[in-house]
Amino acid sequence: TLNGLWSRSGLYIPTSTAKKYGKVLIWYGLSGEGHRKFLAETFPRPTNWSHYCSTISETKCNKPDDAAVRSPNLEENGMYFSEGNFTGHFQFTEQNNCTINPEECTGPVFAPPCSWAFNIDSILFWKNISGLSMDGPLGHGRYTAQQLQQIWRAANATNSDIISYWYEPDPFPLEFSGSNYSFQRVSFPSETRECLRYRTIESDRCSADPSKRQGDEKGACLTETNSLLSVLAKPVTDGGDESTKERVVHRSPAQDILKHIKISNLDM
């Protein structure tokens, strides 16, 4: 049964970023070539622990510095944050440099694996958000859920601006509730039945063909908001076992009614 709670996902920025650049809270503030330079100069790129130690640390992490206490072990190489060991590091790279690359410079946006129902390629392409790009370690520039969490924690630790995918309700955003890195959702056009019909499916989102990942313009909307369900105990749904269940004639008809209610999330 419905419990009155809703789930949603999308792109989020920290409260600190929203306070400085309020226009980013709506997709109009991201769209168009006119925003390319702003996005490239606002959002730096994260450095994983291994790359930081091998190319940025003056001592190759043989001595503690502001970012790293030590070098990572083999399993830690690709981490972007480790509590007490690596605070994370962000930098503006040549990809951010609009003087060198005026037509290709971008800031990073952090997205989950293509198997997740988030059509970021479609949204970036059809909403003309050319100033953001994906260059993560997974296929098509994406990140694991753990890496997305690490990058947000690193941004918090280094006071860096960030725009990243996440979802609610979830315990992770609660860690930052009331802080400068609490989650603020970027507003995109509301879902319509037509848009939901044309959204890309997993095989398209994971395709090597960019045009398939971009999909149809009609499907360039975020995942619909979903109602969450309450779990009903078995005795409620089937009357229990022989020692506890009531006679059918004495049982409330509410469960049978609820079973036959059909309503979409969009209608709600």
Side-chain angles (χ1 to χ4, degrees), residues 11-21 24 37-101 104-113 120 131-166 170-184 186:
L11 293 178
Y12 291 81
I13 60 173
T15 295
S16 61
T17 302
K19 287 179 177 179
K20 290 184 291 184
Y21 312 112
V24 180
K37 188 172 186 289
F38 163 75
L39 295 173
E41 293 179 348
T42 297
F43 297 109
R45 285 175 157 78
T47 305
N48 68 36
W49 198 349
S50 175
H51 183 72
Y52 175 80
C53 289
S54 64
T55 65
I56 298 174
S57 170
E58 294 181 357
T59 67
K60 305 297 182 182
C61 294
N62 290 318
K63 294 181 180 180
D65 59 24
D66 292 340
V69 172
R70 57 173 175 80
S71 296
N73 60 41
L74 187 61
E75 294 181 351
E76 297 170 329
N77 278 337
M79 295 180 66
Y80 293 87
F81 178 87
S82 175
E83 187 69 45
N85 297 305
F86 181 53
T87 63
H89 179 80
F90 288 78
Q91 61 181 338
F92 291 95
T93 69
E94 285 192 7
Q95 290 171 276
N96 296 80
N97 193 322
C98 293
T99 300
I100 298 175
N101 304 302
E104 297 181 356
C105 59
T106 61
V109 59
F110 307 106
I120 182 67
L132 293 177
S133 64
M134 299 182 293
D135 46 24
L138 298 185
H140 311 311
R142 294 165 180 261
Y143 294 82
T144 66
Q146 292 79 11
Q147 289 171 330
L148 292 177
Q149 290 181 329
Q150 292 165 13
I151 291 170
W152 194 279
R153 289 191 173 108
N156 175 56
T158 60
N159 195 31
S160 300
D161 293 304
I162 182 179
I163 180 166
S164 177
Y165 169 89
W166 203 250
D170 181 69
F172 182 61
L174 297 180
E175 292 183 23
F176 304 90
S177 180
S179 75
N180 280 333
Y181 276 77
S182 59
F183 283 55
Q184 304 298 327
V186 179

Can you name the residues that form a salt bridge (charged side-chain N to carboxylate O under 4.0 Å, His left out) with Lys60, not counting sequence neighbours?
none

Going by salt bridge (charged side-chain N to carboxylate O under 4.0 Å, His left out), name the residues that satisfy it together with Lys63, two or more places apart in sequence or in a different chain.
none

Would you please indicate yes or no on a ring centroid separation below 6.0 angstrom for Tyr181 and Phe176?
no

Side chains of Gln184 and Thr15: do they bring a donor and an acceptor to under 3.5 Å?
yes

Residues that Glu104 engages under salt bridge (charged side-chain N to carboxylate O under 4.0 Å, His left out), provided they are two or more places apart:
none

Whether the side chain of Thr55 engages the backbone of Tyr52 through a donor-acceptor N/O pair (distance < 3.5 Å, no angle test) should be reported.
no

Compare all side-chain heavy atoms of Asp161 with those of Lys20 and state whether any distance is below 4.5 angstrom.
yes

Do the non-hydrogen side-chain atoms of Met134 and Tyr143 ever get within less than 4.5 Å of each other?
no

What residues form a salt bridge (charged side-chain N to carboxylate O under 4.0 Å, His left out) with Asp135, not counting sequence neighbours?
Arg45

Do Ile151 and Ser164 have side-chain heavy atoms sitting under 4.5 Å apart?
no

Any disulfide (SG to SG under 2.5 Å) pairs touching residues 46-84, not counting sequence neighbours?
Cys53-Cys61

Would you please name every residue forming a side chain to side chain contact (heavy atoms under 4.5 Å, CB included) with Gln146, sequence neighbours left out?
Thr144, Gln150

Just by modelled atom types, is the Phe43 backbone N or O under 3.5 Å from a matching donor or acceptor in the Asn96 side chain?
yes

In this structure, is the centre-to-centre distance between the rings of Tyr12 and Trp166 below 6.0 Å?
no

